[in-house]
Amino acid sequence: MFRLNDRVAVVTGASQGIGEAIARTLAERGAKVALVARNQEKLDAVLTGIEAAGGTAIALPLDVADTEQAKQVFHQAIERLGRLDILVNNAGITRDGLAVRMKTADWDAVLRTNLTGAYVCAQQAIGPMLRQRWGRIINISSVVAEMGNPGQANYVAAKAGMIGLTKALAVELASRHITVNAVAPGFISTAMTDALPEKAVQELSARIPLGRLGTPADVAAAVAFLASEEAGYITGHVLDVNGGMYMA
Ligand code: NAP
């Protein structure tokens, strides 16, 4: 059950945190994984770890905000790994600030990376998935897309946009057995949340019914499930991985 043998996956933002955990988990389940992010050194470190564990991966540096580069990198991924079955749009950034003072550049950077980047990567993946009549696209959104968050108008708009993108693509691609789903993590312990003061983490944990922040492995398990053959009748869904902190 839930094996991914013979599948090929592209995971964006695979150089650390949640994306790294997703890439490792998909590789452990038998998929060949193209690791995508901007920092080559960090990608190489993840690649070495996957290979040491017996998995297969390649590292492809890419800024997902660069459409032309994305086209080339997806072409390379397919050429080197032979096909493309699973896309995980996980790359993301924050540029927080209250809306009243938010710089247009910070709005644009977050929308361009988190939402347009996901769309562009999906566009590259759809062609081969349509031809083989099988595919899985999994977009990493966020609990804040569902509940809002002060100081994150750009990030929340992008993550909510990913949910809309998920549903639009799900309807568009269903007849070709391509499922498109979103995973909405709550607060997960990574570099993104390590910046929070200890007191804030304690207050957050007290608001989470399961009593702790999530781990990258919690999110990776949900992604691996949605990528599997067994999840083939699930599409257009938003899977909350948030310890119960928000129940949509
Ligand atoms: P992270 O530790 O900051 O990692 C972000 C990843 O995205 C890195 O691998 C980074 O690598 C890559 N990335 C950033 N900009 C990129 C670009 N333009 N092109 C390609 N890759 C890019 O973040 P994380 O906490 O693991 O979060 C991963 C995803 O989950 C994000 O989409 C985030 O919004 C979402 N999420 C996180 C949480 C949380 O609590 N941590 C909660 C909900 C949702 P490079 O810098 O090398 O490019």
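In listed order, ligands and their atoms are each counted from 1. Numbering of residues begins at 1 and proceeds along the displayed sequence. Small disclaimer: the values here were computed from a predicted structure and weren't measured.
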Judged by atom type as modelled, is there a donor-acceptor pair below 3.5 Å linking the side chain of [X] to the main-chain atoms of [Y]?
X	Y	answer
Asn90	Ile140	no
Asp63	Ala65	yes
Thr235	Val180	yes
Asp106	Gly97	no
Asp66	Gln69	yes
Ser142	Val144	yes

Please report whether ligand 1 has a polar contact with [X], defined as an N or O pair separated by less than 3.5 Å (distance criterion only).
X	result
Asn114	no
Ile188	yes
Val64	yes

Using a heavy-atom cut-off of under 4.0 Å, does the side chain or the backbone of [X] touch ligand 1, or both, or neither?
X	value
Thr113	side chain
Ala184	neither
Ile93	side chain
Lys159	side chain
Val143	neither

### Query
Can you tell which of Ser142, Ala109, Ala145, Gly186 gets a heavy atom nearest to atom 38 (C) of ligand 1?
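Among Ser142, Ala109, Ala145, Gly186, the closest heavy atom to atom 38 (C) of ligand 1 comes from Gly186.
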### Message
Could you work out, for atom 31 (C) of ligand 1, the closest of Leu204, Val219, Leu35, Asn90 by heavy-atom distance?
### Response
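It is Asn90 whose heavy atom sits nearest to atom 31 (C) of ligand 1.
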#### Entry: Arg24 with Glu20: basic N within carboxylate O range, under 4.0 Å
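Salt bridge: yes.
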Give me the nearest non-hydrogen protein atom to [atom] as residue plus atom name, then the distance to 0.1 Å.
atom	value
atom 36 (N) of ligand 1	Tyr155 OH, 3.5 Å
atom 37 (C) of ligand 1	Ile18 CD1, 3.6 Å
atom 15 (N) of ligand 1	Arg38 NH2, 3.2 Å
atom 23 (O) of ligand 1	Met192 CE, 3.8 Å
atom 41 (N) of ligand 1	Thr190 OG1, 3.1 Å
atom 7 (O) of ligand 1	Gly13 CA, 3.4 Å
atom 20 (C) of ligand 1	Leu62 O, 3.1 Å
atom 11 (O) of ligand 1	Ser15 OG, 3.0 Å

Taking atom [atom1] as the centre, does [X] end up with more than 12 heavy-atom neighbours from other residues, nucleotides or ligands that are less than 6.0 angstrom away?
X	atom1	answer
Phe225	CZ	yes
Arg3	CZ	yes
Lys32	NZ	no
Glu41	CD	no

Give a yes/no on ligand 1: does [X] have at least one heavy atom closer than 4.0 angstrom to it?
X	value
Ser189	no
Gly214	no
Gln16	yes

What atoms of ligand 1 come closer than 4.0 angstrom to any heavy atom of [X]?
X	result
Asn39	47 (O)
Phe187	40 (O)
Asp63	17 (C), 18 (N), 19 (N)
Gly17	26 (O)

### Task
From the options Thr12, Val10, Val36, select the one residue that forms a side chain to side chain contact (heavy atoms under 4.5 Å, CB included) with Leu62.
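Of the listed options, the one satisfying the test is Val36.
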### Task
Answer yes or no: is there a side-chain heavy-atom contact under 4.5 Å between Ser15 and Leu35?
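Side-chain contact under 4.5 Å: no.
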### Task
Run the numbers on Thr67 and Arg112 for side-chain contact (heavy atoms from CB on, under 4.5 Å), then give the verdict.
CA-CA 10 Å; Thr67 305; Arg112 178 122 200 110; 3.3 Å; yes
### Query
Going by atom types alone, do Arg7 and Ser228 pair a side-chain donor with an acceptor below 3.5 Å?
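No, because no side-chain N or O of Arg7 sits under 3.5 Å from a partner of the opposite role on Ser228.
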